[in-house]
Chemist: 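Dropping a structure here in structure tokens format, bear with me for questions.
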2 protein chains.
Amino acid sequence: MNQYSCLTLPKAPRTARGRKTQAKLLDAAEVEFGERGFHDASIAGITARADVALGTFYVYFEGKEAIFRALVAHFSRLTRSVIAERIVGAPDRVTAERLGLEAFIEHARAHPHIYRIIGEAQFVAPDAYQAYYQTFADAYETGLKAASARGDIREGHAEELAWALIGMNVFLGQRYGLWNPDKPAADVAAAISEFVAYGLKGQRDRSQA
Amino acid sequence: MNQYSCLTLPKAPRTARGRKTQAKLLDAAEVEFGERGFHDASIAGITARADVALGTFYVYFEGKEAIFRALVAHFSRLTRSVIAERIVGAPDRVTAERLGLEAFIEHARAHPHIYRIIGEAQFVAPDAYQAYYQTFADAYETGLKAASARGDIREGHAEELAWALIGMNVFLGQRYGLWNPDKPAADVAAAISEFVAYGLKGQRDRSQA
DNA sequence: GTTAAACATGAATACTGATTCATGTTTCGG
DNA sequence: CCGAAACATGAATCAGTATTCATGTTTAAC
């Protein structure tokens, strides 16, 4: 219930009751935006789900877009940390890619609301959306460069590769996580791993897969 | 002006005047939706741009969503044909991938409206959006299978690969076509081509790039 | 326990914009 | 040229909802 406590929010509550109410609103907003989309979602819908009065919303948020942006910022961090946790300690970059894709598909499957909200941010809060992927891409690029420095993968074109790999992940997450969540995420990740391994290393590697 | 004539439209005009007015509305809607997004776009905005009266809109379209869907269907076909034309006659699959990506980035750069409209379809007309990418993926998969049958690329996982490659194209198109359209599309495509070549063929091929 | 700040309330406000419709005008086959 | 169908018009209708605000209640510091 209190998963948002770390956020710098528009109107910080000063009492325990206030923090609880704000957290209820954010939880409710996740469901309302996730189910109905930004424009069909209503403040009345959010406050009804949170079981507070309509006016209470404006005690804690500037308006509809403000709470949406708060959710985007929160879920951006959450998604990155879920992936990061999963690939920590991977023996090499190709394994990291496979585990990251698996984590991404599973996360999308478990939290479809989050993916709808981030996707809609492209049009509702374009700057936040772009910042999200730029941060992701920067980290990716750094990771790829480190991997090539230690001889894990070939050198060069890390920036373009980072965006290409992110796009791969997003679309596979959409297709196999959100649209047709039947196939095990690990199977999809394994199927793609060969492509990524050859693509990044330029030769077959029998030590992993 | 008459680029929509092939479409099966909700209310087919019966006279030359009618066809011209409907085409003006579709052209105007492309700009209105492309610049302001689906929800901020207004029917009044469309009819003003088309230089017709408000009520005229409803002579030709059921409503706001109907004209949006007509645009999505039209641009889906257009995008596919632009890519298809570019890769016809490519000597091998890897070259086709490179030319396709180049075409995609250039097309996104030249027609940002189209890409905003298709992107928003994800939330405004999810079925149309999904159908668009499913069609794309099916064609892609067929192409990959044909390529592996003739020994161009490795066998296996054509479905997953199709979605991965589409995701790559979309994100590179977004990054280098829409957000930072400075780098030549051919350079980006060349940078990624090595990754795709190794990934699909599993060994260096010195005959092309 | 007092009290000032923080929080909660929901009816009222204010505005937007999609869609309808009754009425005129143009087209085109005959 | 005539008439019926097609097309054009824009004021009026209709619905929905984001945001405000005046008022009442709870919290927590002292």
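Since we're looking at a predicted model, the values are computed, not measured. Protein chains get the first letters and strands the later ones, always in sequence-line order, with residue 1 at the start of each.
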Chemist: Mind checking what makes side-chain hydrogen bond (donor to acceptor under 3.5 Å, both in side chains) contact with A:Q130, not counting sequence neighbours?
Modeler: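 If we apply the side-chain hydrogen bond (donor to acceptor under 3.5 Å, both in side chains) test to A:Q130, skipping adjacent residues, there are no hits.
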Chemist: Who pairs with A:Y140 by ring pair (Phe, Tyr, Trp, His ring centres under 6.0 Å), at least two apart in sequence or on another chain?
Modeler: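 Per chain and number, A:Y140 pairs via ring pair (Phe, Tyr, Trp, His ring centres under 6.0 Å) with no residue.
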Chemist: Distances under 3.5 Å only, N/O to N/O: pair up the protein atoms with those of nucleotides 25-27 of chain C.
Modeler:
none

Chemist: List in chain and number order the residues that pass salt bridge (Lys or Arg N to Asp or Glu O under 4.0 Å) with A:R86, two or more places apart in sequence or in another chain; answer none if no residue qualifies.
Modeler: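 Partners of A:R86 by the salt bridge (Lys or Arg N to Asp or Glu O under 4.0 Å) criterion, ordered by chain and then number, come out as A:E102, A:E106.
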Chemist: If a pair satisfies ring pair (Phe, Tyr, Trp, His ring centres under 6.0 Å) and one of its residues is in residues 76-105 of chain A, list it, with sequence neighbours excluded.
Modeler: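 Found A:F104-A:Y115.
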Chemist: Could you pull out every donor-acceptor pair under 3.5 Å between side chains of residues 156-166 of chain B and any protein atom, sequence neighbours left out?
Modeler:
| from | atom 1 | to | atom 2 | distance (Å) |
| --- | --- | --- | --- | --- |
| B:E159 | OE2 | A:R175 | NH2 | 3.3 |
| B:E159 | OE2 | A:Y176 | OH | 2.5 |
| B:E160 | OE2 | A:K183 | NZ | 3.3 |

Chemist: According to ring pair (Phe, Tyr, Trp, His ring centres under 6.0 Å), who are the partners of A:F136, at least two apart in sequence or on a separate chain?
Modeler: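 Residues passing ring pair (Phe, Tyr, Trp, His ring centres under 6.0 Å) with A:F136: A:Y132.
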Chemist: Rounding to 10°, can you tell me the angle the first-five-pair axis of the helix from C:dG1-D:dC30 to C:dG30-D:dC1 makes with its last-five-pair axis?
Modeler: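 That helix gives 20° between its end axes.
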Chemist: Apply ring pair (Phe, Tyr, Trp, His ring centres under 6.0 Å) to B:F123 and list each qualifying residue two or more places apart in sequence or on a separate chain.
Modeler: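 Once residues adjacent in sequence are excluded, B:F123 has no partner under the ring pair (Phe, Tyr, Trp, His ring centres under 6.0 Å) criterion.
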Chemist: Each nucleotide N or O in nucleotides 10-17 of chain C that has a protein N or O under 3.5 Å away: list the pair and distance.
Modeler:
| from | atom 1 | to | atom 2 | distance (Å) |
| --- | --- | --- | --- | --- |
| C:dG10 | N7 | A:G55 | N | 3.0 |

Chemist: Looking at residues at least two apart in the chain, or sitting in another chain, which of them share a ring pair (Phe, Tyr, Trp, His ring centres under 6.0 Å) with A:F57?
Modeler: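 Once residues adjacent in sequence are excluded, the partners of A:F57 under the ring pair (Phe, Tyr, Trp, His ring centres under 6.0 Å) criterion are A:F61.
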Chemist: Report the residues that fulfil salt bridge (Lys or Arg N to Asp or Glu O under 4.0 Å) with B:K64, sequence neighbours left out, ordered by chain and then residue number.
Modeler: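 B:K64 satisfies salt bridge (Lys or Arg N to Asp or Glu O under 4.0 Å) with no residue once adjacent residues are dropped.
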